[in-house]
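Here's the structure, in structure tokens; my notes come after.
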Amino acid sequence: MGWAALTGLLLAGMTAATPPTAIPVRGGNALTLPAHRHIVRVSRSEGSVLLTAVQQGGQDGHGLRLFRSDNGGGSWKLEGVIRDGSTYDRADLVVVGKDVALVYAVETPDSQGIGGSTSRDVYFQWWRYSASKNRWLPDTPVRVFDSTSSSTAYYRAELARDSKGRLWVQAFFREKDASNTLVISVSSDGGSTFRTQSALARDISKRGGGRLISLGSRLMMLWSSHDGRDTTHYRIRDDSASVSSWSSTRTAFSDGIYHGAAMSAVADGNGGLHLVYKDNSERLMYRRFNGSSFGSAVKVLEDGDWATQPALVRSGSSLYVFYNQPRSDGSGYRLWVRALSSSGKPGAGKELASVSGFAGYPAAPDVLPSGVPLVCFFGIEPSSGSSYRLSFFSTSASSLKSQAVAAKQAPADDGQDVHGFTATGGSGFEPPQDPGTLVSAAASPSQQAMAAGCGGASAMLAVGVTFILMEWGRRRRTRVLPG
């Protein structure tokens, strides 16, 4: 008898709840970099589709692959392989009509660093939508940057499309002397060819990180580094100017961004930018770029933690941030979504789950239409190491409650499962391993109740049958990029 059938028998007659869904991965940091767009929403007349690029890290022999959901995240299935040959590449996605453009390049754990290799290149790829097949099909990848030495490497690539339809690819380049250069390339022919432009920054002492983003009629490159003392810089260009025309380097703000990439940015729709980032004191902060300068920092979370990361969403003109917050006893994390005011002040929020073990690296679409559910992935990593996965959460903005801002660590719960939420998401089950269709392990209403972490002795028993998340100290866990 399978686990799903057994838990269904144990939970027969329980109240139904929306089931969580998951994609199996090798580790909880599958959605690094935080600065990347890992998940996008594509609108079609037949209904919207969520697409996500996931590095499975060698799980079942798989690497970087594209998954889709036609039911708002209720289930996921494999759409296609981006690059199975590498367990370190990560992708950054941009929607263009019904098609998706992406770039991918290497990202390694902090403890490993960026080493040189002739294989550490940057690739651009189209995934074109075929209406007749109801599928996204990949074009042949185009190499944008080529590492020609075993002492060099390109890493942390990102993609943006300007108002003229040009495609811009940014990456960091590890030089032979181990310094780092911020490189940029542009395509004016829809990604068939790319032309490398003058570097935007040189002599970055530590690994760099940042965000390339379109602000409407201008393009911005915002960056910092692993230095821990570095300030945050940016350069900007008008889409109407020649492709070689960028502003001089400007200081965005004096505090740096943790590891350069612990941030989430979204255009405000009016030529500006919303930014939530982790500073070098490991606190979540908000700043807005008004089109000419960055404003003062607003604290989103008072207490810092190495693993806390944000995923910022603009829904219409409203702002929301997903984040993970350590439990006060150090045994796990609480997962939150919270509204932000136009000035970045934290407002109404909702706790999505409390997890024993590691839970972090959220990823959400950067822009959603008003009125659709707020959606996000979190990486879940039990200490047993037997069921690492990306768990998906979906909730409505109206479900957020006015309550005290979660700026202080909340007390830990006694339970050892993911619980306390009614939106899609979480864990509490071993995700199915079939590579073609990844759906909730709970199919019946009674199983759904178990998977959503509903309370009660029967639910706890069923969760225990599926797996037990061991209590563990978050500080004992090996840090992974970008922390």
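Count residues from 1 along the sequence.
Stacking of Arg83 on the aromatic ring of Tyr104 is not recorded, the 6.0 Å distance cut-off and the 45° axial limit not both being met.
Checking side-chain atoms of Arg135 against main-chain N and O of Glu79 turns up a donor-acceptor pair under 3.5 Å. Although no hydrogens or angles enter the test, the distance criterion places no donor-acceptor pair under 3.5 Å between the side chain of Asn290 and the main chain of Gly272. Without hydrogens or angle criteria, His36 side chain to Ala157 main chain gives a donor-acceptor distance under 3.5 Å. The closest donor-acceptor contact from the side chain of Arg161 to the backbone of Ser163 lies at 3.5 Å or more, if one exists at all. A donor-acceptor contact shorter than 3.5 Å links the side chain of Gln125 to the backbone of Asp139. Judged purely by atom type and a 3.5 angstrom limit, Arg327 has no side-chain atom pairing as donor or acceptor with the backbone of Gly330. Of the possible donor and acceptor atoms, one in the side chain of Arg37 sits under 3.5 Å from a partner among the backbone N and O of Leu159. A donor-acceptor contact shorter than 3.5 Å links the side chain of Glu158 to the backbone of Leu212. Between the side chain of Trp223 and the backbone N or O of Arg235 there is no donor-acceptor pair closer than 3.5 Å. Remark: the backbone N or O of Leu284 is not paired with any side-chain donor or acceptor of Tyr258 at under 3.5 angstrom.
The two residues Gly210 and Phe172 come nearest to each other via the heavy atoms N-CE1, 4.0 Å. In terms of heavy atoms, Ala261 sits closest to Pro34 at O-CB, 3.6 Å. The heavy-atom pair separating Ala364 from Val375 by the smallest distance is CB-O, 3.3 Å. Gly190 and Leu167 get closest at one heavy-atom pair: C-CD1, 3.6 Å. Of all the heavy atoms in Leu66 and Trp127, the pair that sits closest is CD2-CE3, 3.6 Å. Of all heavy-atom pairs between Thr308 and Pro326, the closest is OG1-CD, 3.8 Å.
Using a 4.5 Å heavy-atom cutoff, the side chains of Tyr286 and Leu319 are in contact. A 4.5 Å side-chain heavy-atom check between Gln55 and Thr87 finds at least one atom pair inside the cut-off. At least one side-chain heavy atom of Thr52 sits under 4.5 Å from a side-chain heavy atom of Trp76. The side-chain heavy atoms of Ile82 and Tyr123, taken from C-beta on, include no pair separated by under 4.5 Å. Side-chain contact between Met263 and Leu222 is present, with heavy atoms from C-beta onward closer than 4.5 Å. Side-chain contact between Ile213 and Asp366 is absent, with no heavy-atom pair separated by less than 4.5 Å. A 4.5 Å side-chain heavy-atom check between His62 and Pro24 finds every atom pair outside the cut-off. Within the 4.5 Å cutoff, the side chain of Val122 has no heavy atoms near those of the Tyr155 side chain.
Ring pair Phe392/Phe377 is perpendicular by interplanar angle, where above 60° counts as perpendicular and below 30° as parallel. Ring pair Phe294/Phe289 is tilted by interplanar angle, where 30° to 60° counts as tilted.
Asp99 and Trp126 form no side-chain donor-acceptor contact under 3.5 Å, judged by distance and modelled atom types alone.
The pair Arg287-Asp279 does not meet the salt-bridge criterion, since no charged nitrogen lies less than 4.0 angstrom from a carboxylate oxygen. A salt bridge is absent between Glu302 and Arg283; no separation between the charged side-chain nitrogens and carboxylate oxygens falls under 4.0 Å.
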So Arg314 and Val367, side-chain contact (heavy atoms from CB on, under 4.5 Å) or not? Walk me through it.
CA-CA 5 Å; Arg314 177 168 63 83; Val367 177; 3.8 Å; yes
For Ser264 and Val321, run side-chain contact (heavy atoms from CB on, under 4.5 Å): C-alpha distance rounded to whole Å, both residues' side-chain angles, the deciding distance at 0.1 Å, then the answer.
CA-CA 9 Å; Ser264 185; Val321 61; over 6 Å; no
Could you walk me through whether Phe358 and Asn29 satisfy the side-chain contact (heavy atoms from CB on, under 4.5 Å) test, starting with their C-alpha distance in whole Å, then the side-chain angles of each, then the deciding distance to 0.1 Å, before giving a yes or no?
CA-CA 10 Å; Phe358 176 76; Asn29 65 328; 5.7 Å; no
How far apart are the C-alpha atoms of Val42 and Trp136, what are their side-chain angles, what is the distance that settles it, and do they pass the side-chain contact (heavy atoms from CB on, under 4.5 Å) test?
CA-CA 11 Å; Val42 183; Trp136 279 264; 3.7 Å; yes
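The CD atom of Gln56 sits 8.5 Å away from atom CG of Leu390, with the distance rounded to the nearest 0.5 Å. Between Glu282 atom CD and His259 atom NE2 the span is 8.5 Å, to the nearest 0.5 Å. The CG atom of Leu219 sits 6.5 Å away from the CD1 atom of Ile184 when rounded to the nearest 0.5 Å. To the nearest 0.5 Å, atom CG of residue Leu200 and atom NE2 of residue His233 are 13.0 Å apart. In this structure, CZ in Arg90 is found 8.5 Å from CG in Leu64, a value given to the nearest 0.5 Å. Rounded to the nearest 0.5 angstrom, Tyr333 OH and Ser354 OG are separated by 12.0 Å.
By the side chain to side chain donor-acceptor pair (under 3.5 Å) test, Thr140 is found to be paired with no residue, residues two or more places apart in sequence or in another chain being considered.
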